[in-house]
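What follows is a set of notes on a single structure, which appears directly below.
All heavy atoms count here, side chains included; hydrogens, waters and symmetry mates do not.
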Amino acid sequence: MRISRFYVDHPLEQEAQFELPDAVAHHLVRVLRAPAGTALRLFNADGIECEATLCAVSKRSASVRCGHMVATITEPPIRIALYQALSKGERMDYAVQKATELGVAEIRLLNTQRVDVRLGGDRLDKRMLHWQRVAIAAAEQCGRVSVPTIHRPVEWPVEAPAEGQALVLDPETDTRLSALAPTDDVAIAVGPEGGFTADEVQRAQAQGWTGLQFGPRILRTETAGPAVIAAVQARWGDL
């Protein structure tokens, strides 16, 4: 029987007992209809995972007791940061979900010249919370013990990270992944529908980014990030 996993923003120690967050309690009690005594696994922002038991259930709350701590190795040997241009609706959800499953450490959102959605104020706050929940759900499902941080949108281009490879997708360049030196730190910048403009790519390269051509086909914005991450993981990581 598959044991459900849940992320909790709470210290995890053996024999500790505490009430679950409302969203987790609701899912267990109202959706899964889990009774007291149900076994589950919990993990937190510190990358700690434990076996736990649902020890008390009511209509509005649930509490657990932590059991054995679990040594879980699911994080890749390379650190990957995805710089993703904003897109509408499910496209953004898909990019966040699949990047999380593939092991990214963080997702940095970008406003670019061709981005067709501009967010601010309460609307942005709600979307940030939603995307972080998408990442949490993906981490719960795929067995990760950490959740990538999703950063608020910034204007592109930005200065390239000082360490490792900083790659900006550009179908006009000749540089392929096979030509690059191995590294354990990779930043990948993905444009919106329509891609980065030539001016954006040029200014990004002036700030330390390397143009990357990823095959003869033009991928959609929500496909490009996961595809490049998978290729990087296969070449330098744990796939």
Cut-off 3.5 Å, no hydrogens considered: what does the side-chain donor-acceptor table look like for residues 20-34, sequence neighbours left out?
none

| query | Would you say Gln202 has more than 12 foreign heavy atoms packed within less than 6.0 Å of its CD? | reply | no
| Who are the salt bridge (charged side-chain N to carboxylate O under 4.0 Å, His left out) partners of Asp125, not counting sequence neighbours? |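 Residues passing salt bridge (charged side-chain N to carboxylate O under 4.0 Å, His left out) with Asp125: Arg152.
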Under the side chain to side chain donor-acceptor pair (under 3.5 Å) rule, collect the residues that match up with [X], sequence neighbours excluded.
X      : result
Arg65  : Gln17
Glu49  : Arg5, Thr72
Thr175 : none

| said: Could you measure the distance from the CD atom of Gln97 to the CG atom of Leu102? Nearest 0.5 Å is fine. | reply: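 If I round to the nearest 0.5 Å, the distance is 10.5 Å.
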| query | Which pairs, with at least one residue in residues 73-83 and sequence neighbours excluded, count as a salt bridge (charged side-chain N to carboxylate O under 4.0 Å, His left out)? | reply |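 Residue pairs passing salt bridge (charged side-chain N to carboxylate O under 4.0 Å, His left out), neighbours aside: Glu75-Arg144, Arg79-Glu106.
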| message | Quick test of your reading: applying salt bridge (charged side-chain N to carboxylate O under 4.0 Å, His left out), list the pairs with at least one residue in residues 158-169, sequence neighbours left out, ordered by first then second residue. | response | none
| query | Checking Glu200 side chain against Gln113 main chain: does a donor-acceptor pair fall under 3.5 Å? | reply |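 Between the backbone of Gln113 and the side chain of Glu200 there is a qualifying donor-acceptor contact (under 3.5 Å).
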Apply side chain to side chain contact (heavy atoms under 4.5 Å, CB included) to [X] and list each qualifying residue two or more places apart in sequence or on a separate chain.
X      : value
Asp93  : Arg127, His130, Trp131, Val134
Ser178 : Arg176, Arg235
Pro157 : Arg203, Ala204, Gln207

| query | So which residues get pulled into Trp156's cluster when ILVMFWY side chains under 4.5 Å apart are joined, directly or through others? | reply |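 Under the 4.5 Å side-chain rule, Trp156 groups with Tyr83, Leu110, Val154, Val158, Val168, Phe196, Val201, Trp209.
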Which pairs would a plain distance check flag for residues 220-230, meaning a side-chain donor or acceptor within less than 3.5 Å of a matching protein atom at least two apart in sequence or in another chain?
residue: Arg220; atom: NE; partner: Glu222; partner atom: OE2; Å: 2.9
residue: Thr221; atom: OG1; partner: Gln84; partner atom: NE2; Å: 2.9
residue: Thr221; atom: OG1; partner: Gly191; partner atom: O; Å: 2.7

